[in-house]
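Heads up: the structure comes next, in structure tokens.
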Amino acid sequence: MSKPAPLLSLHQALRKSFQSLENNQKVWTSVLAECSPLMVSLGNLAEQSRALSNVQISNTPLRDFPDLEERLRFKLSQATDTVLGKLNEKMCSLQSVRDSISNQVSGVFQLYEQNADSLDLLTVTERSATTPSVSDMLEWLQDAERHYRQQFLRRKTLLQTLRPDHLSLLESAPKRWKSLESPSTEDHITDILCKVSFFIECQ
């Protein structure tokens, strides 16, 4: 029995969305991997700045170098600004991933709503060995979209709190950044992509 046209076009849109999700998940993971050493650098620079504040250079042999403390502080501040700048660039890449996933998912839901009258409950909930049900796939896409939206917002909010002159926040930044990781949700998304792998291939 041939599938109704609205279901075929919805399946096509779902395939496209899951392919996009798979590509975007790889980009997201790779950008986050590039952020980790930058966050560690931030923490290290903050520790160096604190150490500099705790040392009385005038009581050490380095007192013979004029303006040494100011120059060191300037260099540390510059280095911190550079790292924060790189992290903001990474956030732009994460934002692109979030936007791409959101646009795909909203497009699929729009198509589903346009064709909802032609798709009865049985059609939407029917699944086979290779094809999950439309309702399951829509829910999975929503889960993934929510995850990346929340992750982006939390990471952006954390970065917005960081200032070169606020050492305690910079020192705790690597731990706080790591605490935002959500491996169980990432595993769930990988699991979803496994569940739809046959469906994606059955063009």
Side-chain angles (χ1 to χ4, degrees), residues 1-36 38-39 86-160 177-203:
M1 196 175 91
S2 66
K3 292 174 184 171
L7 182 61
L8 284 173
S9 62
L10 189 55
H11 272 179
Q12 207 171 358
L14 283 162
R15 275 191 193 96
K16 195 176 164 195
S17 288
F18 282 114
Q19 280 167 333
S20 167
L21 175 60
E22 190 170 12
N23 295 335
N24 278 307
Q25 187 196 34
K26 286 174 189 159
V27 175
W28 181 275
T29 306
S30 135
V31 173
L32 278 189
E34 291 164 7
C35 288
S36 294
L38 291 171
M39 293 307 295
K86 285 179 183 172
L87 280 164
N88 281 317
E89 283 168 25
K90 301 295 175 200
M91 287 310 293
C92 292
S93 304
L94 293 180
Q95 186 170 1
S96 298
V97 169
R98 182 206 63 179
D99 291 349
S100 171
I101 293 170
S102 291
N103 292 339
Q104 281 289 342
V105 174
S106 98
V108 170
F109 271 86
Q110 226 169 349
L111 184 66
Y112 171 69
E113 280 157 21
Q114 284 164 9
N115 293 292
D117 295 342
S118 337
L119 299 164
D120 58 30
L121 186 64
L122 181 66
T123 307
V124 173
T125 54
E126 192 177 21
R127 57 172 68 88
S128 71
T130 56
T131 306
S133 70
V134 166
S135 63
D136 278 346
M137 289 193 279
L138 289 172
E139 189 183 332
W140 294 340
L141 283 173
Q142 248 180 341
D143 288 346
E145 193 269 338
R146 190 184 310 113
H147 167 66
Y148 289 114
R149 186 164 29 87
Q150 289 174 346
Q151 274 284 307
F152 173 75
L153 192 61
R154 286 171 188 156
R155 291 178 187 281
K156 187 178 181 183
T157 304
L158 168 56
L159 273 188
Q160 283 173 336
W177 181 265
K178 194 165 175 53
S179 75
L180 295 177
E181 287 174 9
S182 181
S184 58
T185 315
E186 282 295 337
D187 288 346
H188 174 55
I189 292 169
T190 303
D191 190 39
I192 286 169
L193 291 168
C194 286
K195 287 176 182 170
V196 296
S197 56
F198 284 120
F199 168 70
I200 290 173
E201 286 162 18
C202 298
Q203 296 283 17

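Starting from 1, each residue takes its place in the sequence as its number.
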Review point. Are the side chain of Ser17 and the backbone of Ala13 linked by a donor-acceptor contact shorter than 3.5 Å?
Key: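 Pair found, side chain donor or acceptor close to backbone of Ala13.
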
Exercise for review: Salt-bridge test for Glu181 and Lys178: reply yes if a basic N is under 4.0 Å from a carboxylate O, no otherwise.
Suggested key: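 Salt bridge flag = yes for Lys178 with Glu181.
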
If you look at every heavy atom in [X] and [Y], which pair is closest and at what distance?
X	Y	answer
Val31	Lys90	CG1-O, 3.7 Å
Leu111	Leu10	CD2-CA, 3.8 Å
Ser9	Asn115	OG-ND2, 4.4 Å

Show me the donor-acceptor pairs, under 3.5 Å and distance only, between side chains in residues 91-98 and residues at least two apart or in other chains.
| from | atom 1 | to | atom 2 | distance (Å) |
| --- | --- | --- | --- | --- |
| Ser96 | OG | Cys92 | O | 3.1 |

Would you compute the distance between atom [atom1] of [X] and atom [atom2] of [Y] and round it to the nearest 0.5 angstrom?
X	Y	atom1	atom2	value
Gln110	Asn103	CD	CG	10.5 Å
Phe18	Met137	CZ	CE	6.0 Å
Asn23	Ile101	CG	CD1	10.0 Å
Asp99	Phe152	CG	CZ	7.5 Å
Leu159	Leu87	CG	CG	5.5 Å

Practice item. Return the set of residues passing side-chain hydrogen bond (donor to acceptor under 3.5 Å, both in side chains) with Asp136 (not counting sequence neighbours), or none when no residue passes. Key: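 If we apply the side-chain hydrogen bond (donor to acceptor under 3.5 Å, both in side chains) test to Asp136, skipping adjacent residues, the hits are Arg127, Ser133.
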
Exercise for review: Take Glu126 and Val134 through the test side-chain contact (heavy atoms from CB on, under 4.5 Å) and record every step on the way to the result.
Suggested key: CA-CA 8 Å; Glu126 192 177 21; Val134 166; over 6 Å; no

Got [X] and [Y] here, is their nearest side-chain heavy-atom distance under 4.5 Å?
X	Y	value
Leu141	Leu14	yes
Gln104	Leu21	no
Thr29	Lys26	no

Going by atom type alone, with no hydrogens or angles, which donor-acceptor pairs under 3.5 Å involve a side-chain atom of residues 185-199 and a protein atom two or more places apart or on another chain?
| from | atom 1 | to | atom 2 | distance (Å) |
| --- | --- | --- | --- | --- |
| Thr185 | OG1 | Ser182 | OG | 2.7 |
| Glu186 | OE1 | Gln25 | NE2 | 3.2 |
| Glu186 | OE1 | Tyr148 | OH | 3.3 |
| Glu186 | OE2 | His147 | NE2 | 2.9 |
| Glu186 | OE2 | Tyr148 | OH | 3.4 |
| His188 | NE2 | Asp143 | OD2 | 3.4 |
| Thr190 | OG1 | Gln25 | NE2 | 3.1 |
| Thr190 | OG1 | Glu186 | O | 3.0 |
| Ser197 | OG | Cys194 | O | 2.7 |

Check your understanding: Is there a donor in the side chain of Gln151 and an acceptor in the side chain of Arg155, or the other way round, less than 3.5 Å apart?
Key ->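 Gln151 vs Arg155: donor-acceptor pair found between side chains.
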
